[in-house]
2 protein chains.
Amino acid sequence: MPQKMNPSISDRTRQKIIRTTEKLFAEKGFRAMTLRDVTREAKVNLAAVNYHFGSKSKLILEVIRDRIEPINEERLKRLDQLIEQYASKPVPVNAIFDSLFRPLFESNGTGSGPNPALIQMIGRAFTEPADFMRGMHRDLFRDLTQRYLAELHRSCPDMTIETLQYRFFLSISTMLGATIDQVILENLSESKLGPRNYDRVVAELINYASAGFEQSAK
Amino acid sequence: MPQKMNPSISDRTRQKIIRTTEKLFAEKGFRAMTLRDVTREAKVNLAAVNYHFGSKSKLILEVIRDRIEPINEERLKRLDQLIEQYASKPVPVNAIFDSLFRPLFESNGTGSGPNPALIQMIGRAFTEPADFMRGMHRDLFRDLTQRYLAELHRSCPDMTIETLQYRFFLSISTMLGATIDQVILENLSESKLGPRNYDRVVAELINYASAGFEQSAK
DNA sequence: GTCTATAGAACGATAGAC
DNA sequence: GTCTATCGTTCTATAGAC
């Protein structure tokens, strides 16, 4: 039976599988990422995946869950800090989006700066059409969404709930698009936007989404 | 040898394959969409796909290309109309985005109103990680992108080229996110945003992207 | 916990009759 | 142009030795 309580033993195998899964799922999606790919690149035995994780589905679900949960915790932590900081006054929209977007792009999972594979993997997890993903979306994001919608409503009290939901959805879409494939960005721009300048990407994303959400211009 | 010149003969088989491919690729992506699925649902023989299209890859490339090209033509037609309409003055950003987004959501491919499967398929085509898609992205969108970037530059002369590219990329991301999966939207909103209210989606999308792009608020 | 070997199923593609 | 039948490949998953 796989044990999850003692990380000091040699579940280096486990960790190698997780890291390689993250990378290959980000690049290729669920169906195109084969266990043979993963085990070959991680330099572990093919049978190790089923021993440690039970199945391919359970592997990918566990990897995604393990990566997203700390990010969502960090998001809520920052949101709470903002609410405290602004006392009872509404938090500015761009500060709310900062707390929502930045933890994703700063997340590493290993402890050393932004992790492109992880960022891309989370975008992929959202657009992955495999059936077994549906339930996970709800589990991981329902409460978070309600929390952010409530806070945005407090900041934009004149906006109808429906409009608020539409614009929040568009903001999430923008964030996901910025994570999935920077190759598209390179193709579209024919410029040097690609090389993982996440500081700039995050800053642009927060400004863009805030302006789009509030639309005080029009 | 498959013939493409005479649509009056019975390539009803061809058409049934194309429509079913569109639907299943939109739902499941390239790898998870099997030819057995397609031919079963289209009620044609399994061997018909290879007879008419040569291979699974050629099938999906042909379907995507046939659907996207008319949309891109319509986009450029509307953009030209705007330029004429505004004489030599810069075209407002929201009008530019209108010409870019609306043809996608109004596209049908069959001649009768918005086609959800087609809209979703185009979003899927962008996020599809399969290797053989890369070249197609560039073929179909490089010129279009350059054209729109040039026009947006004329409307926002004070914006640096780099910023312009970043924000245009974010606008494309927003559009794609709005096409791919309305199930996510339903999960996130727990509301009745889902039922294909494309008029509302397009209007919100254009306003959102225009405001995000210009950011005259901040 | 790691390995080899393989079962069992599904896939894309094609040969050949009609 | 449509069909049946099947080849060859690749996949997930597992049995069993070490």
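Below, each value reflects all heavy atoms present in this structure, side chains not excepted, and no hydrogens, waters or symmetry copies. Predicted model only: the values in this text are computed from it and were never measured. Numbers restart at 1 for each chain; the letters A, B, ... are given by sequence-line order, proteins then strands.
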C:dA10 phosphate, OP1 or OP2: any side-chain N/O from B:Thr34 under 4.0 angstrom? no
Tabulate atom names and distances for all N/O pairs under 3.5 angstrom spanning the protein and nucleotides 4-6 of chain D.
{"unit_1": "D:dT4", "atom_1": "OP2", "unit_2": "B:Asn45", "atom_2": "ND2", "d": "3.3"}

Rounding to an integer number of Å, can you tell me how far B:Gln15 CD sits from D:dG1 P? 13 Å
Short N-O contact, B:Arg65 and B:Glu69, less than 4.0 angstrom: yes
What's the CG-P distance between B:Asn50 and C:dA13, to the nearest Å? 5 Å
Between D:dC11 atom C1' and A:Ile60 atom CD1, what is the distance in whole Å? 16 Å
For B:Thr34, the side chain to side chain donor-acceptor pair (under 3.5 Å) test, sequence neighbours excluded, returns B:Asp37
Identify the heavy atoms of B:Ala209 and B:Phe97 that sit nearest to each other, and give their distance. O-CE1, 3.7 Å
Quick one: B:Lys43 NZ to D:dT2 P, roughly how many Å, whole number? 16 Å
Report yes or no: is the cationic atom of B:Arg14 (NZ for Lys, CZ for Arg) closer than 6.0 Å to the six-membered ring centre of B:Phe53, at no more than 45° off its axis? yes
Value in whole Å for how far the C1' atom of D:dT14 lies from CG of A:Leu59: 17 Å
Tell me the salt bridge (Lys or Arg N to Asp or Glu O under 4.0 Å) pairs involving residues 42-60 of chain A, sequence neighbours left out? none
Are the side chains of A:Arg134 and A:Arg138 in contact, using a 4.5 Å heavy-atom criterion? no
Can a side chain N or O of A:Thr13 be found less than 4.0 Å away from OP1 or OP2 on C:dT2? yes
Could you tell me how far apart B:Tyr51 (OH) and C:dA13 (P) are, to the nearest whole angstrom? 17 Å
Whole angstroms only, please: what is the CZ-C1' distance between B:Arg14 and D:dT2? 16 Å
How many whole angstroms separate atom CZ of B:Arg40 from atom P of D:dC3? 15 Å
